[in-house]
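For reference, the structure is listed below as structure tokens.
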Amino acid sequence: MNDPRTPIPASGIAQIGVSVPNVSVRGPEVPRTIEALDPVFTVSGLSVFYGDYEAVRGVDMTIGNREITAMIGPSGCGKSTVLRCFNRMNDLIPGARAAGKILYHNEDLYGDHVDPIEVRRRIGMVFQKPNPFPKSIYDNIAYGPRVNGVKGKMDDIVEEALTKAALWDEVKDKIKQNALSLSGGQQQRLCIARAIAVKPDVILMDEPCSALDPIATTKIEDLMQELSRDYTIVIVTHNMQQAARVSDRTAFFTAEVDAEGVRHGRLVEFDETSRIFTNPSDKRTEDYITGRFG
Amino acid sequence: MAVLSTPKSAVQLASKGRPLKEHLFRIALLASLAIALVFLAMLIVYVVQEGWPRLDATLWENQPSIRRPETAGIQSGIFGTLWIIGLTALMALPTGILAAIYLEEYADKSKWYNRLIELNISNLAAVPSIVYGILGLGIIARWMQFGFTIMTGAITVSLLVLPIVIISAREAIRAVPPSIREGSLALGATQWQTIYRQVLPASVPGIATGSILALSRAIGEAAPFLMLGAATLVRFNPEGVWSSFSVLPIQIYSFITRPQAEFSVLAAAAIVILLAILLLMNSVAIWLRNRYQKRW
Ligand SMILES: Nc1ncnc2c1ncn2[C@@H]1O[C@H](COP(=O)(O)OP(=O)(O)OP(=O)(O)O)[C@@H](O)[C@H]1O
Ligand SMILES: [Mg+2]
């Protein structure tokens, strides 16, 4: 936290309004290249099915470049489901299917020519429970670059990733030790470092702090702020203070029961975090953030 | 401290005496364990005692002979057994492990044919070994004309242990937490990279243990070799996979059925050797398991 490289304001909300990015969808004259910036994701009419069950219905949202977008909402409303569409992790679940469109830098993420492996290399993910590989710290970080055929000095890549994840000082003397010997919070930062090591464009985080104590949580939050200068971050969280502290924009999801009595996840409101938490336009959002909801 | 003290009557931690059932259950467990261990110990003591006079270098230096039981050895049997095990390992382990990978990582369990395959592998594990002997005789020795050779024996035994290898490798692969696979795939690794670099290394202890136990079973088998013409008194060591051969269980069986007392001593000594090979393999399995055991 005393890192000189981290002149971050204590509150994420303070930044809002300064860093409103251009999130309008670009016209067709923009070259359709995957390196293009702003917005990173444009989601329109996204519905996700598990077999016949429509878990999430009709989501429209945009994820701005180098922003932190938080997704909040009650359990089972489809936050993880939507998040896992962004790097096509849902492809791995038998029977899971996405309808609608997700544009990633104006490229259809679910287009026929798109290779999910390449998608996941660019769009990294950190999971709820730290899941380091049962290998050394070094090998954990080097794994991503190695499987992606990255040439270059692996030692430097490892050090850089660990430094970015604010873990280098704590582990530099035991880099060859098994990663499972680290504490939970260190393991989670290791997983973040592991994601950074492949030089992704986006980092998705699914409740990355839910298994951590408050101090470790603060470290991860500081880290997210720091990382948002170079990366686009989407985070699912149950901790509303966390969403308020770290994110630029917040998406509030909830589960709605349709005419046939089936529950579907819906995006209720998507706005700047400061507005969601001070002046939400939907009653349900207000009820949820003030704790009057389920 | 006075604040924390509780009136004595409030907490009852004193032992009320364990119910009798609890004790009886414990005794029953210990007794079953004792029975198994006592019998094993008796067996080992008995064969070592019986075979002691012949447990010397002549046993593995000499070849079997009917005319001089007092100096006859079992060298061809030892070599035959080692050849069969080696070749079986080469054939059954890669096949079994690859099959297990397919079933665990690739097979779509909602497809009827994958479920049929799974069911049949469990069934195959229960097929008596003599049936495999008949299969080896009819198809491999006769129809494929591989004859009564090491190759025929090893293929037959490979088929015999394959289901066990597949089942134990699947168990080991399934024990690798899905979060490890997700973590790898989320970094842009392909499915094969994930299997090869994460799942397999993590399941090596389990796969190795299962494989060695499966091979141990093959070592002890006599029935299929009876069908496959593993001759008793082969007086030479196998020179390759197309040699005729003998194996220890067959030699033991034939020594025991002879009238002379020297042959039963020889049989006991051969059993000690067979047990030694088995124990050696099992200790390798234990060592591998402890050495590479992963914890999550
Ligand atoms: N693999 C799956 N197969 C079938 N249904 C699923 C699967 N994963 C999630 N679902 C269903 O989809 C809905 C949304 O689940 P999801 O995990 O996205 O919720 P969530 O908002 O992340 O909840 P939580 O806050 O508890 O993590 C739920 O009704 C859930 O039961
Ligand atoms: Mg979730």
Side-chain angles (χ1 to χ4, degrees), chain A residues 51 80 83-84 86-95 115-135 139-150 161 178-181 187 190-191 193-206 211, chain B residues 100-118 169-209 287-296:
Chain A
S80 301
L83 190 75
R84 291 164 61 93
F86 288 139
N87 66 343
R88 296 192 55 170
M89 282 302 274
N90 275 345
D91 292 19
L92 304 169
I93 298 172
D115 177 8
I117 307 291
E118 192 58 26
V119 169
R120 291 184 204 125
R121 205 196 71 66
R122 284 156 189 271
I123 303 166
M125 188 162 209
V126 176
F127 298 84
Q128 176 168 1
K129 215 172 138 251
N131 59 346
F133 304 130
K135 300 168 183 281
D139 286 338
N140 262 274
I141 308 292
Y143 180 74
R146 279 182 187 146
V147 297
N148 287 296
V150 172
N178 195 308
L180 294 167
S181 64
Q187 288 188 9
L190 179 76
C191 292
R194 190 172 76 180
I196 294 171
V198 294
K199 301 206 174 4
D201 174 30
V202 183
I203 303 174
L204 308 174
M205 302 186 179
D206 195 347
Chain B
I101 292 174
Y102 170 76
L103 288 172
E104 279 304 310
E105 305 283 327
Y106 289 94
D108 177 354
K109 300 225 165 64
S110 61
K111 297 278 188 303
W112 64 269
Y113 48 84
N114 285 320
R115 288 206 303 272
L116 188 72
I117 291 173
E118 286 202 36
R170 285 186 68 183
E171 298 282 340
I173 291 171
R174 208 176 309 147
V176 178
S179 64
I180 297 293
R181 295 178 179 81
E182 281 202 320
S184 170
L185 292 165
L187 288 167
T190 62
Q191 194 176 6
W192 173 243
Q193 283 171 330
T194 301
I195 292 169
Y196 187 74
R197 290 168 173 252
Q198 299 293 350
V199 177
L200 279 184
S203 49
V204 156
I207 292 178
T209 316
W287 178 78
L288 275 172
R289 200 171 50 212
N290 292 342
R291 174 84 174 65
Y292 293 101
Q293 195 137 48
K294 297 285 192 311
R295 47 184 187 84
W296 280 282

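Convention: sequence-line order gives letters A, B, ...; per-chain numbering from 1.
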Notebook entry, point to check: When rounded to the nearest 0.5 angstrom, what is the spacing between CZ in A:Arg120 and OG1 in B:Thr190?
Noted result: 10.5 Å
Next item on the list: Tell me, for B:Ser184 versus chain A, whether the close heavy atoms (under 4.5 Å) come from the side chain, the backbone, both or neither.
Entry: both
Note to self: What's the separation between atom CD1 in A:Ile117 and atom OG1 in B:Thr194, rounded to the nearest 0.5 Å?
What the structure shows: 7.5 Å
Item checked: More than 12 heavy atoms of other groups within 6.0 Å of B:Tyr106 OH -> yes
Next item on the list: Could you pull out the closest heavy-atom pair between B:Gly183 and A:Phe133, with the gap in Å?
Entry: C-CZ, 3.8 Å
Next item on the list: Please state whether the side chain, the backbone, both or neither of A:Arg194 comes within less than 4.5 Å of a heavy atom of chain B.
Entry: both
Notebook entry, point to check: Any side-chain heavy atom of A:Pro116 sitting closer than 4.5 Å to one from B:Leu185?
Noted result: no
Item checked: Nearest-0.5 Å distance, OH of residue A:Tyr143 to CZ of residue B:Arg197 -> 6.5 Å
Notebook entry, point to check: Under a 4.5 Å heavy-atom cutoff, which of A:Leu204, A:Asn148, A:Val198 has the most pairs with chain B?
Noted result: A:Asn148
Checklist line | Reported CD-to-CE distance for the pair B:Glu182 and A:Met125, which is rounded to 0.5 angstrom | finding: 7.5 Å
